[in-house]
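Any value given below was found using the heavy atoms of this structure, including those in side chains, with hydrogens, waters and symmetry copies removed.
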Amino acid sequence: MNRIPRTAWVAASVLAIVLIALGSRYGFHRDELYFIEGGRHFAWAQPDNPILIPLVANAWHQAVGGQLWAFRILPALAAASTVLVASLTSRQLGGTRRHQAAAAIVTAVTGVIVGTGHLFSITTFDIFLTALVLMLLARALRQPQRLGTWVLVGPAAGVALEVKLLAGAVLACCVLAVLLVGPRGVFASSGPWIAAGIAAALAAPNLIWQTVNGWPMRDVAANIAGGGSTSSADSVLILPMHLLMAGAVTGSVVVLGMIELLGAPRFRPWRWIPVAYLLLLTIVIVAGGKPYYMAGMFPIVVAAGAMPLMDWIDRATARRRLAPALAVLLSIPTVLFSLPLASIGSPVFQVAAAVNPDAKETVGWDEYVATVSDAAEDIPDSRRPNTIVLTDNYGEAGALDRTRRMGIDGWIPPVYSGHNAYGTWGPPPHDVETVVLVGDFDSAQIHNWFSTCEVVARVEAPRDIDNEENGAAVRVCQADPGALVGVWPQVQHFG
(Lines give C-alpha, C1' and ligand atoms only; values in the text may rest on other atoms or scores of the structure.)
Protein backbone atom coordinates (compact mmCIF):
# COMPACT_ATOMS: atom_id res chain seq x y z
CA MET A 1 0.00 0.00 0.00
CA ASN A 2 3.01 2.30 -0.38
CA ARG A 3 1.29 3.60 -3.52
CA ILE A 4 -1.02 5.63 -1.29
CA PRO A 5 0.52 8.93 -0.12
CA ARG A 6 0.97 9.48 3.59
CA THR A 7 -1.38 12.46 3.44
CA ALA A 8 -4.16 10.22 2.14
CA TRP A 9 -3.60 7.80 5.02
CA VAL A 10 -3.80 10.71 7.46
CA ALA A 11 -7.06 11.98 5.91
CA ALA A 12 -8.62 8.50 6.06
CA SER A 13 -7.41 7.94 9.62
CA VAL A 14 -8.73 11.29 10.86
CA LEU A 15 -12.13 10.58 9.31
CA ALA A 16 -12.27 7.11 10.90
CA ILE A 17 -11.25 8.43 14.33
CA VAL A 18 -13.83 11.24 14.24
CA LEU A 19 -16.61 8.90 13.14
CA ILE A 20 -15.78 6.31 15.81
CA ALA A 21 -15.51 8.99 18.49
CA LEU A 22 -19.00 10.26 17.59
CA GLY A 23 -20.45 6.80 17.00
CA SER A 24 -22.61 6.79 20.13
CA ARG A 25 -24.10 10.25 19.59
CA TYR A 26 -27.92 10.39 19.39
CA GLY A 27 -29.08 6.79 18.84
CA PHE A 28 -29.69 3.96 16.41
CA HIS A 29 -31.18 4.86 13.03
CA ARG A 30 -34.41 3.13 12.00
CA ASP A 31 -32.61 1.35 9.16
CA GLU A 32 -29.94 0.06 11.54
CA LEU A 33 -32.63 -1.41 13.79
CA TYR A 34 -34.25 -3.00 10.73
CA PHE A 35 -31.00 -4.50 9.47
CA ILE A 36 -30.12 -5.97 12.85
CA GLU A 37 -33.42 -7.83 12.95
CA GLY A 38 -33.27 -8.67 9.25
CA GLY A 39 -30.01 -10.55 9.74
CA ARG A 40 -31.81 -12.89 12.13
CA HIS A 41 -34.15 -14.06 9.34
CA PHE A 42 -31.96 -15.71 6.77
CA ALA A 43 -33.22 -15.56 3.20
CA TRP A 44 -31.60 -15.17 -0.19
CA ALA A 45 -32.81 -11.57 -0.29
CA GLN A 46 -35.32 -9.14 1.15
CA PRO A 47 -38.03 -7.16 -0.67
CA ASP A 48 -36.16 -3.86 -0.42
CA ASN A 49 -32.50 -4.93 -0.27
CA PRO A 50 -30.09 -7.78 -0.84
CA ILE A 51 -29.36 -9.76 2.31
CA LEU A 52 -25.63 -9.10 2.80
CA ILE A 53 -25.76 -5.95 4.94
CA PRO A 54 -28.52 -7.27 7.27
CA LEU A 55 -26.47 -10.43 7.86
CA VAL A 56 -23.34 -8.41 8.62
CA ALA A 57 -25.26 -5.94 10.79
CA ASN A 58 -26.78 -8.66 12.97
CA ALA A 59 -23.51 -10.57 13.32
CA TRP A 60 -21.53 -7.43 14.17
CA HIS A 61 -24.20 -6.20 16.60
CA GLN A 62 -23.94 -9.48 18.48
CA ALA A 63 -20.14 -9.45 18.34
CA VAL A 64 -19.94 -6.01 19.98
CA GLY A 65 -22.63 -6.72 22.56
CA GLY A 66 -25.06 -4.19 21.11
CA GLN A 67 -22.82 -1.21 21.93
CA LEU A 68 -23.72 1.61 19.55
CA TRP A 69 -20.27 3.17 19.24
CA ALA A 70 -18.70 -0.21 18.47
CA PHE A 71 -21.52 -1.16 16.10
CA ARG A 72 -20.60 1.87 13.99
CA ILE A 73 -16.91 1.02 13.68
CA LEU A 74 -17.48 -0.88 10.43
CA PRO A 75 -19.21 2.01 8.61
CA ALA A 76 -16.48 4.36 9.86
CA LEU A 77 -13.87 2.07 8.32
CA ALA A 78 -15.89 1.86 5.09
CA ALA A 79 -15.99 5.65 4.82
CA ALA A 80 -12.25 5.86 5.53
CA SER A 81 -11.61 3.20 2.88
CA THR A 82 -13.53 5.30 0.36
CA VAL A 83 -10.98 8.06 0.99
CA LEU A 84 -8.13 5.67 0.16
CA VAL A 85 -9.95 4.46 -2.95
CA ALA A 86 -10.20 8.06 -4.17
CA SER A 87 -6.43 8.37 -3.84
CA LEU A 88 -5.88 5.14 -5.77
CA THR A 89 -8.34 6.30 -8.44
CA SER A 90 -6.32 9.48 -8.93
CA ARG A 91 -3.29 7.33 -9.57
CA GLN A 92 -5.16 5.37 -12.25
CA LEU A 93 -6.08 8.64 -13.97
CA GLY A 94 -2.45 9.70 -14.05
CA GLY A 95 -2.38 11.86 -10.94
CA THR A 96 0.84 12.65 -9.09
CA ARG A 97 1.18 11.95 -5.38
CA ARG A 98 0.03 15.51 -4.66
CA HIS A 99 -3.03 14.94 -6.85
CA GLN A 100 -3.69 11.68 -5.04
CA ALA A 101 -3.42 13.35 -1.64
CA ALA A 102 -5.78 16.13 -2.75
CA ALA A 103 -8.36 13.62 -4.00
CA ALA A 104 -8.25 11.87 -0.61
CA ILE A 105 -8.67 15.09 1.36
CA VAL A 106 -11.59 16.31 -0.76
CA THR A 107 -13.29 12.91 -0.45
CA ALA A 108 -12.79 12.96 3.33
CA VAL A 109 -14.83 16.16 3.60
CA THR A 110 -17.63 15.03 1.28
CA GLY A 111 -20.87 15.58 3.16
CA VAL A 112 -22.68 12.41 2.10
CA ILE A 113 -19.63 10.23 2.82
CA VAL A 114 -19.13 11.79 6.25
CA GLY A 115 -22.84 11.60 7.06
CA THR A 116 -23.40 8.01 5.97
CA GLY A 117 -20.11 7.01 7.60
CA HIS A 118 -21.82 7.69 10.92
CA LEU A 119 -24.51 5.07 10.21
CA PHE A 120 -24.47 1.34 9.57
CA SER A 121 -26.41 1.90 6.37
CA ILE A 122 -26.48 0.20 3.02
CA THR A 123 -25.50 3.52 1.44
CA THR A 124 -22.24 3.64 3.42
CA PHE A 125 -21.03 0.36 2.01
CA ASP A 126 -22.57 0.98 -1.41
CA ILE A 127 -20.56 4.19 -1.84
CA PHE A 128 -17.33 2.45 -0.87
CA LEU A 129 -17.90 -0.58 -3.10
CA THR A 130 -19.11 1.47 -6.07
CA ALA A 131 -16.04 3.69 -5.80
CA LEU A 132 -13.85 0.58 -5.56
CA VAL A 133 -15.45 -1.01 -8.64
CA LEU A 134 -14.99 2.20 -10.64
CA MET A 135 -11.34 2.43 -9.61
CA LEU A 136 -10.76 -1.18 -10.67
CA LEU A 137 -12.70 -0.59 -13.89
CA ALA A 138 -10.53 2.43 -14.69
CA ARG A 139 -7.46 0.27 -14.06
CA ALA A 140 -8.80 -2.51 -16.29
CA LEU A 141 -9.65 -0.13 -19.12
CA ARG A 142 -6.18 1.36 -18.89
CA GLN A 143 -4.69 -2.13 -19.34
CA PRO A 144 -7.50 -4.03 -21.10
CA GLN A 145 -5.37 -6.97 -22.20
CA ARG A 146 -4.33 -7.88 -18.66
CA LEU A 147 -6.83 -10.52 -17.59
CA GLY A 148 -5.91 -10.19 -13.92
CA THR A 149 -7.27 -6.64 -13.77
CA TRP A 150 -10.68 -7.82 -14.96
CA VAL A 151 -10.72 -10.74 -12.54
CA LEU A 152 -10.66 -8.17 -9.72
CA VAL A 153 -13.51 -6.14 -11.21
CA GLY A 154 -15.88 -9.12 -11.23
CA PRO A 155 -15.88 -10.02 -7.50
CA ALA A 156 -15.94 -6.38 -6.45
CA ALA A 157 -18.96 -5.74 -8.68
CA GLY A 158 -20.68 -8.91 -7.47
CA VAL A 159 -20.31 -7.94 -3.80
CA ALA A 160 -21.48 -4.40 -4.61
CA LEU A 161 -24.61 -5.86 -6.22
CA GLU A 162 -25.24 -7.95 -3.10
CA VAL A 163 -25.18 -4.72 -1.10
CA LYS A 164 -27.37 -2.59 -3.38
CA LEU A 165 -28.68 -3.02 -6.91
CA LEU A 166 -27.83 0.61 -7.59
CA ALA A 167 -24.33 -0.62 -8.43
CA GLY A 168 -25.89 -2.38 -11.41
CA ALA A 169 -27.24 0.91 -12.75
CA VAL A 170 -23.81 2.51 -12.32
CA LEU A 171 -22.13 -0.32 -14.21
CA ALA A 172 -24.77 -0.28 -16.94
CA CYS A 173 -24.14 3.43 -17.43
CA CYS A 174 -20.40 2.78 -17.62
CA VAL A 175 -20.85 0.06 -20.25
CA LEU A 176 -23.12 2.31 -22.33
CA ALA A 177 -20.65 5.19 -21.96
CA VAL A 178 -17.76 3.03 -23.19
CA LEU A 179 -19.88 1.96 -26.16
CA LEU A 180 -20.64 5.60 -26.94
CA VAL A 181 -17.21 7.20 -26.55
CA GLY A 182 -14.74 4.32 -26.23
CA PRO A 183 -12.60 2.44 -25.78
CA ARG A 184 -15.06 0.15 -27.62
CA GLY A 185 -12.40 -2.36 -28.59
CA VAL A 186 -12.25 -3.62 -25.03
CA PHE A 187 -15.36 -5.71 -25.65
CA ALA A 188 -13.46 -7.81 -28.17
CA SER A 189 -11.32 -9.21 -25.35
CA SER A 190 -12.44 -11.84 -22.85
CA GLY A 191 -11.74 -9.77 -19.72
CA PRO A 192 -15.00 -7.78 -19.52
CA TRP A 193 -17.09 -10.89 -20.14
CA ILE A 194 -15.31 -12.86 -17.44
CA ALA A 195 -15.81 -9.97 -15.01
CA ALA A 196 -19.49 -9.77 -15.94
CA GLY A 197 -19.92 -13.53 -15.42
CA ILE A 198 -18.35 -13.43 -11.97
CA ALA A 199 -20.47 -10.43 -10.96
CA ALA A 200 -23.67 -12.06 -12.23
CA ALA A 201 -22.93 -15.29 -10.36
CA LEU A 202 -22.43 -13.43 -7.09
CA ALA A 203 -25.54 -11.29 -7.62
CA ALA A 204 -27.70 -14.24 -8.68
CA PRO A 205 -29.24 -15.07 -5.25
CA ASN A 206 -30.79 -11.63 -4.92
CA LEU A 207 -31.84 -11.42 -8.57
CA ILE A 208 -33.43 -14.87 -8.51
CA TRP A 209 -35.27 -14.11 -5.26
CA GLN A 210 -36.63 -10.86 -6.66
CA THR A 211 -37.77 -12.61 -9.84
CA VAL A 212 -39.48 -15.47 -8.01
CA ASN A 213 -41.25 -13.02 -5.70
CA GLY A 214 -42.44 -10.64 -8.41
CA TRP A 215 -39.78 -7.94 -7.92
CA PRO A 216 -41.18 -6.21 -4.82
CA MET A 217 -38.23 -3.80 -5.11
CA ARG A 218 -40.17 -2.10 -7.92
CA ASP A 219 -42.90 -1.24 -5.41
CA VAL A 220 -40.30 0.13 -3.02
CA ALA A 221 -38.77 2.23 -5.81
CA ALA A 222 -42.21 3.55 -6.81
CA ASN A 223 -42.86 4.56 -3.20
CA ILE A 224 -39.53 6.41 -3.08
CA ALA A 225 -40.29 8.18 -6.35
CA GLY A 226 -43.64 9.23 -4.88
CA GLY A 227 -41.95 10.88 -1.91
CA GLY A 228 -42.45 8.05 0.57
CA SER A 229 -38.95 8.25 2.05
CA THR A 230 -37.54 10.91 4.36
CA SER A 231 -34.71 11.43 1.86
CA SER A 232 -36.90 11.50 -1.27
CA ALA A 233 -36.69 14.66 -3.38
CA ASP A 234 -38.56 16.23 -6.27
CA SER A 235 -36.93 15.45 -9.59
CA VAL A 236 -36.16 19.11 -10.27
CA LEU A 237 -34.18 19.29 -7.04
CA ILE A 238 -31.98 16.24 -7.59
CA LEU A 239 -29.37 18.10 -9.64
CA PRO A 240 -28.69 20.85 -7.06
CA MET A 241 -29.28 18.61 -4.05
CA HIS A 242 -26.79 15.95 -5.07
CA LEU A 243 -24.10 18.65 -5.18
CA LEU A 244 -25.38 20.15 -1.92
CA MET A 245 -25.02 16.73 -0.30
CA ALA A 246 -21.44 16.65 -1.50
CA GLY A 247 -20.67 19.93 0.27
CA ALA A 248 -19.13 23.18 -0.88
CA VAL A 249 -15.61 21.82 -1.38
CA THR A 250 -16.48 18.50 -2.98
CA GLY A 251 -19.36 19.89 -5.03
CA SER A 252 -17.03 22.44 -6.59
CA VAL A 253 -14.40 19.80 -7.34
CA VAL A 254 -17.06 17.51 -8.87
CA VAL A 255 -18.13 20.30 -11.24
CA LEU A 256 -14.50 21.01 -12.10
CA GLY A 257 -13.85 17.32 -12.61
CA MET A 258 -16.77 16.99 -15.02
CA ILE A 259 -15.56 19.99 -17.03
CA GLU A 260 -12.02 18.61 -17.22
CA LEU A 261 -13.12 15.07 -18.06
CA LEU A 262 -15.29 16.34 -20.89
CA GLY A 263 -12.82 18.81 -22.39
CA ALA A 264 -9.19 18.40 -21.32
CA PRO A 265 -6.98 16.49 -23.81
CA ARG A 266 -5.23 14.53 -21.03
CA PHE A 267 -8.56 13.01 -20.02
CA ARG A 268 -9.50 11.87 -23.54
CA PRO A 269 -9.12 8.14 -22.58
CA TRP A 270 -11.49 8.76 -19.67
CA ARG A 271 -14.40 10.42 -21.50
CA TRP A 272 -16.58 7.48 -20.50
CA ILE A 273 -16.53 8.67 -16.88
CA PRO A 274 -18.46 11.96 -17.33
CA VAL A 275 -20.77 10.32 -19.88
CA ALA A 276 -21.59 7.56 -17.37
CA TYR A 277 -22.11 10.19 -14.67
CA LEU A 278 -24.56 12.15 -16.82
CA LEU A 279 -26.39 8.98 -17.85
CA LEU A 280 -26.82 7.94 -14.21
CA LEU A 281 -27.91 11.43 -13.20
CA THR A 282 -30.53 11.37 -15.95
CA ILE A 283 -31.83 8.00 -14.76
CA VAL A 284 -32.04 9.20 -11.16
CA ILE A 285 -33.93 12.34 -12.19
CA VAL A 286 -36.36 10.56 -14.53
CA ALA A 287 -36.97 7.62 -12.19
CA GLY A 288 -37.46 9.84 -9.13
CA GLY A 289 -34.49 8.44 -7.22
CA LYS A 290 -32.68 10.03 -4.31
CA PRO A 291 -29.95 12.66 -4.72
CA TYR A 292 -27.36 10.56 -2.88
CA TYR A 293 -27.63 7.82 -5.50
CA MET A 294 -24.85 9.70 -7.32
CA ALA A 295 -22.46 9.50 -4.37
CA GLY A 296 -20.67 6.34 -5.48
CA MET A 297 -19.37 8.22 -8.52
CA PHE A 298 -18.06 11.19 -6.54
CA PRO A 299 -14.58 9.73 -5.81
CA ILE A 300 -13.70 9.05 -9.46
CA VAL A 301 -14.87 12.50 -10.58
CA VAL A 302 -13.17 14.13 -7.58
CA ALA A 303 -9.96 12.31 -8.55
CA ALA A 304 -10.12 14.05 -11.92
CA GLY A 305 -11.11 17.44 -10.56
CA ALA A 306 -8.38 17.48 -7.93
CA MET A 307 -5.68 17.37 -10.62
CA PRO A 308 -6.28 20.75 -12.31
CA LEU A 309 -7.21 22.25 -8.94
CA MET A 310 -3.86 21.31 -7.39
CA ASP A 311 -2.00 22.39 -10.52
CA TRP A 312 -3.65 25.81 -10.27
CA ILE A 313 -2.93 26.12 -6.54
CA ASP A 314 0.71 25.12 -6.98
CA ARG A 315 1.35 27.86 -9.55
CA ALA A 316 1.21 30.61 -6.90
CA THR A 317 2.68 30.77 -3.40
CA ALA A 318 -0.27 32.79 -2.08
CA ARG A 319 -2.70 30.14 -3.27
CA ARG A 320 -0.72 27.38 -1.57
CA ARG A 321 -0.95 29.32 1.70
CA LEU A 322 -4.61 30.24 1.44
CA ALA A 323 -6.00 26.98 0.05
CA PRO A 324 -5.87 24.93 3.29
CA ALA A 325 -7.54 27.67 5.32
CA LEU A 326 -10.24 28.17 2.70
CA ALA A 327 -10.87 24.42 2.50
CA VAL A 328 -11.28 24.22 6.28
CA LEU A 329 -13.62 27.22 6.30
CA LEU A 330 -15.80 25.82 3.54
CA SER A 331 -15.90 22.40 5.23
CA ILE A 332 -17.31 23.71 8.53
CA PRO A 333 -20.97 23.61 7.37
CA THR A 334 -20.43 20.11 5.99
CA VAL A 335 -19.08 18.90 9.32
CA LEU A 336 -21.84 20.58 11.34
CA PHE A 337 -24.64 19.27 9.15
CA SER A 338 -23.25 15.78 8.50
CA LEU A 339 -22.05 14.76 11.96
CA PRO A 340 -24.06 14.46 15.22
CA LEU A 341 -22.40 17.44 16.89
CA ALA A 342 -25.30 19.76 17.74
CA SER A 343 -27.46 19.34 20.84
CA ILE A 344 -30.78 17.66 20.08
CA GLY A 345 -33.41 20.29 19.38
CA SER A 346 -30.96 23.17 19.07
CA PRO A 347 -31.18 25.58 16.10
CA VAL A 348 -28.08 23.99 14.57
CA PHE A 349 -29.68 20.55 14.96
CA GLN A 350 -32.86 21.74 13.26
CA VAL A 351 -30.94 23.16 10.30
CA ALA A 352 -28.79 20.01 10.11
CA ALA A 353 -31.91 17.81 10.17
CA ALA A 354 -33.41 19.83 7.34
CA VAL A 355 -30.31 19.17 5.24
CA ASN A 356 -29.80 15.62 6.53
CA PRO A 357 -33.23 14.19 7.54
CA ASP A 358 -31.62 10.96 8.76
CA ALA A 359 -30.47 12.83 11.88
CA LYS A 360 -34.08 13.03 13.10
CA GLU A 361 -34.52 9.29 12.68
CA THR A 362 -31.79 8.56 15.25
CA VAL A 363 -33.61 10.43 18.02
CA GLY A 364 -36.39 9.33 20.37
CA TRP A 365 -36.28 5.55 20.23
CA ASP A 366 -35.89 5.13 24.00
CA GLU A 367 -38.98 7.28 24.58
CA TYR A 368 -40.87 5.38 21.90
CA VAL A 369 -40.02 1.98 23.39
CA ALA A 370 -40.97 3.18 26.88
CA THR A 371 -44.36 4.40 25.64
CA VAL A 372 -45.18 1.08 23.97
CA SER A 373 -43.91 -0.92 26.94
CA ASP A 374 -46.06 1.12 29.36
CA ALA A 375 -49.12 0.46 27.21
CA ALA A 376 -48.37 -3.27 27.13
CA GLU A 377 -47.82 -3.41 30.89
CA ASP A 378 -51.47 -2.45 31.43
CA ILE A 379 -52.72 -5.56 29.62
CA PRO A 380 -54.00 -8.13 32.14
CA ASP A 381 -51.83 -11.21 32.70
CA SER A 382 -54.61 -13.50 31.46
CA ARG A 383 -54.52 -11.86 28.01
CA ARG A 384 -50.76 -11.61 27.59
CA PRO A 385 -50.15 -15.08 26.07
CA ASN A 386 -52.39 -14.06 23.14
CA THR A 387 -50.98 -10.54 22.73
CA ILE A 388 -48.64 -9.11 20.08
CA VAL A 389 -47.41 -5.71 18.94
CA LEU A 390 -48.20 -4.67 15.34
CA THR A 391 -46.32 -1.63 14.03
CA ASP A 392 -46.77 0.49 10.94
CA ASN A 393 -43.11 0.56 9.90
CA TYR A 394 -39.93 -1.47 10.23
CA GLY A 395 -38.14 1.12 12.36
CA GLU A 396 -40.81 0.91 15.05
CA ALA A 397 -40.72 -2.89 14.92
CA GLY A 398 -36.91 -3.02 14.89
CA ALA A 399 -36.58 -0.80 17.96
CA LEU A 400 -38.97 -3.01 19.92
CA ASP A 401 -37.37 -6.25 18.73
CA ARG A 402 -33.87 -5.08 19.66
CA THR A 403 -35.08 -4.00 23.11
CA ARG A 404 -36.78 -7.35 23.69
CA ARG A 405 -33.58 -9.21 22.80
CA MET A 406 -31.33 -6.93 24.85
CA GLY A 407 -33.63 -7.12 27.88
CA ILE A 408 -35.69 -4.41 29.60
CA ASP A 409 -37.42 -3.87 32.93
CA GLY A 410 -40.87 -3.73 31.37
CA TRP A 411 -42.74 -6.12 29.07
CA ILE A 412 -43.00 -6.04 25.29
CA PRO A 413 -45.06 -8.70 23.48
CA PRO A 414 -43.78 -10.40 20.29
CA VAL A 415 -43.43 -7.83 17.51
CA TYR A 416 -44.87 -7.95 13.99
CA SER A 417 -45.17 -5.51 11.11
CA GLY A 418 -46.34 -5.64 7.51
CA HIS A 419 -43.61 -3.29 6.30
CA ASN A 420 -41.15 -4.64 3.71
CA ALA A 421 -39.23 -7.70 4.97
CA TYR A 422 -41.18 -7.73 8.23
CA GLY A 423 -44.26 -8.56 6.19
CA THR A 424 -42.59 -11.72 4.90
CA TRP A 425 -41.85 -12.85 8.49
CA GLY A 426 -45.53 -12.86 9.47
CA PRO A 427 -48.36 -13.42 9.95
CA PRO A 428 -48.72 -13.69 13.73
CA PRO A 429 -50.06 -16.86 15.37
CA HIS A 430 -53.69 -17.85 14.83
CA ASP A 431 -54.58 -17.44 18.52
CA VAL A 432 -53.76 -13.72 18.77
CA GLU A 433 -56.64 -11.74 20.29
CA THR A 434 -55.02 -8.60 21.78
CA VAL A 435 -52.88 -6.28 19.68
CA VAL A 436 -50.86 -3.27 20.73
CA LEU A 437 -51.18 -1.29 17.50
CA VAL A 438 -48.47 1.30 16.91
CA GLY A 439 -48.33 3.91 14.15
CA ASP A 440 -50.46 5.71 11.62
CA PHE A 441 -53.03 3.16 10.51
CA ASP A 442 -56.14 4.58 8.85
CA SER A 443 -59.59 4.18 10.35
CA ALA A 444 -60.78 1.80 7.62
CA GLN A 445 -57.95 -0.64 8.37
CA ILE A 446 -58.63 -0.50 12.09
CA HIS A 447 -62.36 -1.08 11.55
CA ASN A 448 -61.77 -4.06 9.23
CA TRP A 449 -59.10 -5.77 11.31
CA PHE A 450 -60.34 -5.35 14.89
CA SER A 451 -63.56 -5.54 16.84
CA THR A 452 -62.51 -2.77 19.26
CA CYS A 453 -59.57 -0.35 19.35
CA GLU A 454 -58.70 2.33 21.89
CA VAL A 455 -55.94 4.94 21.80
CA VAL A 456 -54.05 4.63 25.09
CA ALA A 457 -50.99 6.84 24.40
CA ARG A 458 -49.12 8.87 21.82
CA VAL A 459 -45.41 8.83 21.16
CA GLU A 460 -43.68 12.09 22.03
CA ALA A 461 -40.24 12.60 20.51
CA PRO A 462 -37.83 14.56 22.71
CA ARG A 463 -38.01 18.33 22.22
CA ASP A 464 -40.77 17.85 19.61
CA ILE A 465 -38.36 16.53 16.99
CA ASP A 466 -40.56 16.04 13.96
CA ASN A 467 -39.56 12.53 12.99
CA GLU A 468 -41.81 9.73 11.74
CA GLU A 469 -42.70 8.56 15.25
CA ASN A 470 -43.59 11.87 16.86
CA GLY A 471 -47.31 11.86 17.63
CA ALA A 472 -47.86 8.25 16.54
CA ALA A 473 -50.83 6.63 18.22
CA VAL A 474 -50.49 3.59 20.49
CA ARG A 475 -53.72 1.60 20.59
CA VAL A 476 -54.84 -1.55 22.36
CA CYS A 477 -57.13 -3.53 20.07
CA GLN A 478 -59.15 -6.73 20.21
CA ALA A 479 -59.42 -9.15 17.30
CA ASP A 480 -61.10 -12.48 16.69
CA PRO A 481 -58.68 -15.45 16.68
CA GLY A 482 -57.18 -15.83 13.22
CA ALA A 483 -58.41 -12.44 12.03
CA LEU A 484 -54.91 -11.04 11.40
CA VAL A 485 -53.89 -14.19 9.56
CA GLY A 486 -56.78 -13.70 7.15
CA VAL A 487 -56.01 -10.03 6.45
CA TRP A 488 -52.22 -10.29 6.46
CA PRO A 489 -51.98 -9.55 2.71
CA GLN A 490 -53.67 -6.23 3.51
CA VAL A 491 -51.23 -5.59 6.37
CA GLN A 492 -48.21 -6.12 4.13
CA HIS A 493 -46.90 -3.05 2.34
CA PHE A 494 -43.70 -1.93 0.63
CA GLY A 495 -42.03 1.42 0.92
Side-chain angles (χ1 to χ4, degrees), residues 15 18-19 21-35 68-69 71-72 75-76 79 109-124 127 223-224 226-234 237-238 240-251 289-295 330-369 371 392-396 398-399 439-440 458-472 495:
L15 178 59
V18 169
L19 290 172
L22 296 174
S24 60
R25 288 280 290 170
Y26 303 165
F28 283 91
H29 187 274
R30 65 171 60 254
D31 289 353
E32 293 175 317
L33 297 165
Y34 176 46
F35 298 150
L68 180 57
W69 73 269
F71 178 67
R72 287 178 171 161
V109 296
T110 301
V112 66
I113 292 175
V114 175
T116 59
H118 173 65
L119 303 175
F120 203 118
S121 75
I122 283 180
T123 300
T124 312
I127 292 173
N223 180 267
I224 291 171
S229 172
T230 56
S231 51
S232 296
D234 291 337
L237 297 177
I238 289 175
M241 283 191 67
H242 94 280
L243 293 176
L244 179 64
M245 286 184 171
V249 174
T250 305
K290 301 183 181 183
Y292 67 75
Y293 286 178
M294 300 300 301
L330 292 175
S331 297
I332 290 174
T334 298
V335 171
L336 286 177
F337 298 153
S338 301
L339 292 174
L341 294 170
S343 299
I344 295 174
S346 68
V348 175
F349 177 90
Q350 298 292 0
V351 175
V355 176
N356 177 22
D358 282 332
K360 296 185 296 184
E361 305 307 323
T362 63
V363 173
W365 291 114
D366 290 342
E367 292 80 2
Y368 159 80
V369 169
T371 301
D392 179 51
N393 66 58
Y394 61 58
E396 295 164 347
D440 296 324
R458 287 193 179 273
V459 177
E460 294 184 8
R463 304 195 182 185
D464 290 326
I465 301 301
D466 188 23
N467 58 20
E468 289 194 32
E469 274 52 65
N470 190 37

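- Rounding to the nearest 0.5 Å gives a distance of 6.0 Å between CH2 of Trp365 and CG of Leu33.
- Shortest non-hydrogen contact noted between Gly117 and Ala79 is CA-CB, 3.9 Å.
- Between the side chain of Ser338 and the backbone N or O of Gly111, at least one donor-acceptor pair lies under 3.5 Å.
- Of the possible polar contacts, none joining the Arg30 side chain to the Asn393 backbone as a donor-acceptor pair under 3.5 Å is found.
- Annotation: Glu367, atom CD; neighbour count of heavy atoms from other residues, nucleotides and ligands within 6.0 Å is above 12.
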Ile238 and Tyr293: side-chain contact (heavy atoms from CB on, under 4.5 Å), yes or no, with the steps? CA-CA 10 Å; Ile238 289 175; Tyr293 286 178; over 6 Å; no
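- The backbone N or O of Ala472 sits nowhere less than 3.5 Å from a side-chain atom of Arg458 that would complete a donor-acceptor pair.
- With rounding to the nearest 0.5 Å, the separation of CD1 in Ile344 from CD in Gln350 is 10.5 Å.
- Between Ser346 and Ala342 the shortest heavy-atom distance is OG-CB, 3.6 Å.
- Closest approach of Met245 and Pro291 over heavy atoms only: SD-CB, 3.8 Å.
- For the pair Gly251 and Ala246, the tightest heavy-atom approach, listed with the atom from each and the gap, is N-CB, 3.8 Å.
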Take Leu19 and Leu339 through the side-chain contact (heavy atoms from CB on, under 4.5 Å) test and state the conclusion after the steps. CA-CA 8 Å; Leu19 290 172; Leu339 292 174; 3.6 Å; yes
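- In terms of the ring pair (Phe, Tyr, Trp, His ring centres under 6.0 Å) criterion, residue partners of Tyr34 (sequence neighbours excluded) are, by chain and number, Tyr394.
- Partners of Pro240 by side-chain contact (heavy atoms from CB on, under 4.5 Å), not counting sequence neighbours: none found.
- A salt bridge between Glu468 and Lys360 is absent, with no side-chain N of the basic residue lying under 4.0 Å from a carboxylate O of the acidic one.
- Thr123 OG1 to Ile113 CD1: the interatomic distance, rounded to the nearest 0.5 Å, is 11.5 Å.
- Looking at heavy atoms from C-beta onward, Asn470 lies out of side-chain contact with Val459 at the 4.5 angstrom threshold.
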Under the side-chain contact (heavy atoms from CB on, under 4.5 Å) rule, what do Val114 and Val109 come out as? Steps first, then yes or no, please. CA-CA 7 Å; Val114 175; Val109 296; 5.6 Å; no
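- Sorted by first then second residue, the side-chain hydrogen bond (donor to acceptor under 3.5 Å, both in side chains) pairs that include residues 110-119, not counting sequence neighbours, are Arg72-His118, Thr110-Thr250.
- In this structure, the side chain of Thr362 engages the main chain of Ala359 through a donor-acceptor pair within 3.5 Å.
- Ring to ring, Phe71 and Phe120 are close: their centroids are under 6.0 angstrom apart.
- Note: Ile127 CD1 to Tyr292 OH = 9.0 Å, rounded to the nearest 0.5 Å.
- Using a 3.5 Å distance cut-off with no hydrogens or angles, the side chains of Ser121 and Thr124 do pair a donor with an acceptor.
- Results of the side-chain contact (heavy atoms from CB on, under 4.5 Å) test with Glu361 over Ile465, Leu119, Asn467 single out Asn467 as the only residue that passes.
- At distances below 3.5 Å, at least one donor-acceptor pair connects side-chain atoms of Tyr368 with backbone N or O atoms of Glu396.
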For Phe349 and Phe337, what are the C-alpha separation, side-chain angles and deciding distance, and is it a ring-ring contact (aromatic ring centres under 6.0 Å, His included)? CA-CA 8 Å; Phe349 177 90; Phe337 298 153; over 10 Å; no
